[in-house]
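Here it is: the structure, laid out below.
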2 protein chains.
Amino acid sequence: MSAVTLKMLAKHLSLSVATVSKALADSHEIRQSTKTLVIEGARELGYVGNPYASSLRKRASKTIAVVLPEVADSFFSEAINGIESVALQEGYHVLIYLTHEHLAREQAIMEEFKSGRVDGVLVSVSEETGSGEHIRRVLDSGTPVVFFDRVCDGPGTACVITDDFESSYRAVVHLAASGCRQPTFLATPTNLSISMNRLKGFEKALADLGLPRHKDEVLIFGKNEAENMDLLRAALSQPRPPDGMLVCVEKHVTYVYQLCAELRICIPDALKVIAFTNLKTAQFMSPPLTTVSQPAFEIGKTAAAALFRALKRASKTIDEEVIVIKSALVKRESTGSSPVSPG
Amino acid sequence: MSAVTLKMLAKHLSLSVATVSKALADSHEIRQSTKTLVIEGARELGYVGNPYASSLRKRASKTIAVVLPEVADSFFSEAINGIESVALQEGYHVLIYLTHEHLAREQAIMEEFKSGRVDGVLVSVSEETGSGEHIRRVLDSGTPVVFFDRVCDGPGTACVITDDFESSYRAVVHLAASGCRQPTFLATPTNLSISMNRLKGFEKALADLGLPRHKDEVLIFGKNEAENMDLLRAALSQPRPPDGMLVCVEKHVTYVYQLCAELRICIPDALKVIAFTNLKTAQFMSPPLTTVSQPAFEIGKTAAAALFRALKRASKTIDEEVIVIKSALVKRESTGSSPVSPG
DNA sequence: CGGCGTTTCGAAAACGGTTTCGTAAATAAA
DNA sequence: TTTATTTACGAAACCGTTTTCGAAACGCCG
């Protein structure tokens, strides 16, 4: 705690606190000569303003919150980078909250935001989140919220997403072109927007391509690792197992590679795999993983920019808009493309 | 901003603000019946206390800061998980700051902390950081700081690290046992504690094993990707290139795999590779990567616990202690172990 | 020189809680 | 019954800023 306050600085300079405060804020009411005097005195005494006194009075915290399911994920960590880059530039601080995919936790976090602790919120909802009523309440309390990647239908606000439907569609087309007749969609619970849209793209592609519907066409993974493994193992151990797999979220990739090793299923010969992921090591995997690479940094940056646009308005209101940033399908050997020169 | 304040709640209950405040704080001065009355009223009106008013008066922010070089790294993201787990449990908020390996940024961040914005700081210093004078100043201002992973010699405080020297030593022993005669150490600038200790372990092992010293025994990577590539390419393109590589930080792994693909250098036949990393995909890489796996979550958790021990003291002082949590050498094919059953 | 508009600054009231201290009532001790 | 002590609450000061508003001081013009 910086022991030196405005009052002390004022006394040291034989000025009033009002004058010093205004001088430090570069107010037009103060003449240049005293401003420089104050600046100098502040530097000399090592004055650092108390942010809480300031926030209390100004009703603004210079802080935003980022709430997301987890941080140990290449998409989210890159998105944080994007967010941080603009927060830094705007002179804002960023609080981070992890929901670990639990709705209850997400609700508790949002409840806190009604206090005005943060000026704005960036959120990627948990896989349990449905209605978004808790987020609506935050918006109602006057703090702008923008969704990124995983959005929520209820609250009308800005969201920055990728072209989930189209990416998924393209992925299935690529799987089919690589010889798949029976691809499986591996997803989180489908109340999640991204799962829903990716699933729709998957199904539309299936229909358009005239691929036959089959059992285990869609596998839903929950939070229990063992159960997920069992589910996937069962699907892959069938008489007519799937010959392609579209993995909806990064952390499920390891299940697939793990089980294929265990069950001696050769990728891509017996099973072709595509995953939504930003893993830098995808190209060095065995075999190199075909990915739907999302512009994670860009999404974070764009979402943050949208938030700050709202914060700069007097009304703090945010446009109800959907910003779509395209993902790229990066073809590698896990779908049977050229066996040499990965990358 | 929650429109309902303590004063309004007090008026609604026909009580004084003092009583309501104390009731919500579960003070012994207030009888149970009025406490429940207040709780009920607060719930009814949706009262959420203003954290800034509270922080200002109590001189405590219920907030800690985590400052680290980057977040897109499996070690740091897992460490954040560990930190968040205990912050949540303690009811604290966590601010995140990224230095992107820049000392100037780190100094600016630390300067801010003199304001009392946070009650404590967890820091993993940038690769440019030397003296730690800026961190000393934060400690002097009364906010406890604990280092994790990347420490700094100057300031006397707690730090939580892994057994860098020993891990490095064991890694070299393993490289030698796998047939390496000329291993190279790939590092960040060595003013970094981890680089220094890992380098010392590397060199001690070289000496103990009687391995000959050679040119390009140590390669220092900076921030420029192209330069790093050139440096490594030059080393690997020599007449007598290194036959082993100990990679000090995760993000450098891709350079090695990339260049080996480009230069048609076979891992592990021509070059054996070990890296300090927590990548979940290490076992699925081509070839599966031998790693020194750090207990990242545990390190984060332990560092946070140490910080909270200090925060619970009246003095806020922190023991000058070094907590070492051991890493594990996980042998895989990149150092030539059994070519089947990776994992 | 008086009136008027600008500068430039200070006193004081916020901001929304917490905490100290005083006090009245209730209870215990004598 | 009187006195000491506890219990339960409220008035007001306080945390460290920002901001409103008033008031000197100054320059300008007629």
Side-chain angles (χ1 to χ4, degrees), chain A residues 1-39 41-42 45-63 112 114-119 141-142 314, chain B residues 1-39 41-42 45-63 112 114-119 141-142 314:
Chain A
M1 186 87 43
S2 171
V4 34
T5 71
L6 244 203
K7 190 190 296 187
M8 295 165 63
L9 177 55
K11 184 169 295 175
H12 177 252
L13 293 167
S14 303
L15 286 170
S16 75
V17 290
T19 304
V20 177
S21 174
K22 282 184 273 197
L24 290 175
D26 198 29
S27 161
H28 68 95
E29 291 185 31
I30 307 299
R31 74 156 163 253
Q32 193 51 49
S33 65
T34 61
K35 273 183 195 173
T36 55
L37 221 67
V38 170
I39 304 282
L45 266 61
Y47 169 77
V48 187
N50 183 314
Y52 296 114
S54 178
S55 290
L56 174 59
R57 177 63 227 230
K58 296 210 290 193
R59 297 161 162 284
S61 60
K62 281 278 178 186
T63 306
E112 271 258 354
K114 291 179 15 187
S115 71
R117 181 181 289 276
V118 296
D119 297 344
S141 80
Chain B
M1 185 89 42
S2 171
V4 35
T5 71
L6 241 206
K7 191 190 295 189
M8 295 165 63
L9 178 55
K11 184 169 297 177
H12 176 253
L13 293 167
S14 303
L15 286 170
S16 75
V17 290
T19 303
V20 176
S21 174
K22 281 184 271 197
L24 289 174
D26 199 29
S27 162
H28 68 94
E29 289 184 34
I30 308 299
R31 73 157 164 252
Q32 191 52 46
S33 65
T34 61
K35 274 183 194 172
T36 54
L37 220 68
V38 170
I39 304 282
L45 267 62
Y47 169 77
V48 187
N50 183 314
Y52 296 115
S54 176
S55 290
L56 174 58
R57 177 64 227 234
K58 296 210 289 195
R59 297 160 165 287
S61 60
K62 280 277 177 185
T63 306
E112 270 259 353
K114 290 177 20 186
S115 71
R117 181 181 289 275
V118 296
D119 297 344
S141 80

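Only heavy atoms go into these numbers, but all of them, side chains included; no hydrogens, no water, no symmetry mates. Fair warning: this is a prediction, and the values are worked out from it, not measured in the lab. Order of the sequence lines fixes the chain letters, A, B, ..., with proteins taken first and strands second; residue numbering starts at 1 for each chain.
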Considering non-hydrogen atoms only, spot the tightest contact between B:Gly116 and A:Tyr52 and give its length.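 Looking at all heavy atoms of both residues, the shortest contact is O-CE1, 3.4 Å.
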5'-most contact on DNA chain C (nearest-nucleotide basis), A:Ser33 vs B:Val17, goes to A:Ser33
Worksheet item: Looking at CG of B:Leu56 and CG of B:Asn50, how far apart are the two atoms once the value is rounded to the nearest 0.5 Å?
Response: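 Going from CG on B:Leu56 over to CG on B:Asn50, the span is 9.5 Å.
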Atom CD of B:Gln32 and atom P of D:dT7 are separated, to the nearest Å, by 15 Å
Rounded to whole Å, the CG-P distance (B:Leu9 to C:dG16) equals 14 Å
When rounded to whole Å, the CD to C1' distance for the pair A:Glu29 and C:dC9 reads 8 Å
Note: for B:Thr34 and A:Ala25 on DNA chain D, the residue whose nearest nucleotide lies more 5' is B:Thr34
Subject >> Separation of atom CG in A:Asn50 from atom P in C:dC15, rounded to whole Å >> reply: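 Those two atoms, CG and P, are 18 Å apart.
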When pairs are called at under 3.5 Å and a stem needs at least three consecutive Watson-Crick or G-U pairs, the stems of DNA chain C are C:1-30 with D:1-30
Residues B:Gly49 and A:Ser115: closest non-hydrogen pair is O-CB, 3.3 Å
Using only side-chain N and O atoms of A:Tyr47, determine if any of them is under 4.0 Å from OP1 or OP2 of D:dG16.
no
Separation of D:dA8 atom P from B:Leu13 atom CG, nearest Å, is 18 Å
Would you kindly compare A:His28 and A:Ala18 by the position of their nearest DNA chain C nucleotide and give the one closer to the 5′ end?
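Its nearest nucleotide being more 5', the pick is A:His28.
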What contact category does B:Ser21 fall into here, base, sugar-phosphate, or nothing, at under 4.0 angstrom with non-hydrogen atoms?
base
task = Classify the side chain of B:Lys22 versus the base of C:dG17 as yes if they form a donor-acceptor pair under 3.5 Å and no if they do not.
result = no
| field | Interatomic distance where CD1 belongs to A:Ile30 and C1' belongs to C:dT6 [whole Å] | value |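 Atom-to-atom, A:Ile30 to C:dT6, this comes out as 14 Å.
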So, does B:Thr63 use its side chain to make a donor-acceptor pair with the main chain of B:Ser61 at under 3.5 Å? yes
Salt bridge between A:Asp26 and A:Lys35, side-chain N to carboxylate O under 4.0 Å?
yes
Report which part of the nucleic acid B:Leu56 touches: base, sugar-phosphate, or nothing (heavy-atom distance under 4.0 Å, all strands). base
Do A:Arg57 and D:dT18 share a donor-acceptor pair, side chain to base, under 3.5 Å? yes
Of all the nucleotides listed (C:dC9, D:dT19, C:dG10), which has the minimum atom distance to the side chain of A:Ser16?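 Of the candidates, C:dG10 comes closest.
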**Item:** Whole-Å gap separating P (C:dC15) and CZ (A:Arg117)
**Value:**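 Atom CZ in A:Arg117 sits about 21 Å away from atom P in C:dC15.
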Interatomic distance, CD1@A:Ile30 vs NE2@A:His28, rounded to 0.5 Å, equals 9.0 Å
Taken to the nearest whole Å, CG/B:Leu37 to C1'/D:dA8 is 14 Å
Closest to the side chain of B:Thr5, out of C:dG16, C:dC21, D:dA11, is C:dG16
Nucleotide nearest B:Thr19 (side chain, heavy atoms from C-beta), chosen from D:dG10, C:dT19, C:dG10: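 Ranking D:dG10, C:dT19, C:dG10 by closest atom to the B:Thr19 side chain puts D:dG10 first.
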Item to check | Contact nearer the 5' end of DNA chain D, comparing B:Ala53 with B:Arg31 | outcome: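 Looking at the nearest nucleotide for each, B:Arg31 comes out on the 5' side.
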Problem set entry | Donor-acceptor pair under 3.5 Å, A:Arg59 side chain vs C:dC15 base |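 No, no donor-acceptor pair under 3.5 Å.
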### Task
Determine the contact category for B:Ser55: base if any of its heavy atoms lies under 4.0 Å from a base atom, sugar-phosphate if only primed atoms, P, OP1 or OP2 are that close, otherwise nothing.
nothing
Problem - Sequence-distant partners of B:Ser21, side chain to side chain donor-acceptor pair (under 3.5 Å), two or more places apart - result: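 None.
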May I ask you to test the B:Leu6-B:Tyr47 pair for a side-chain heavy-atom distance under 4.5 Å? yes
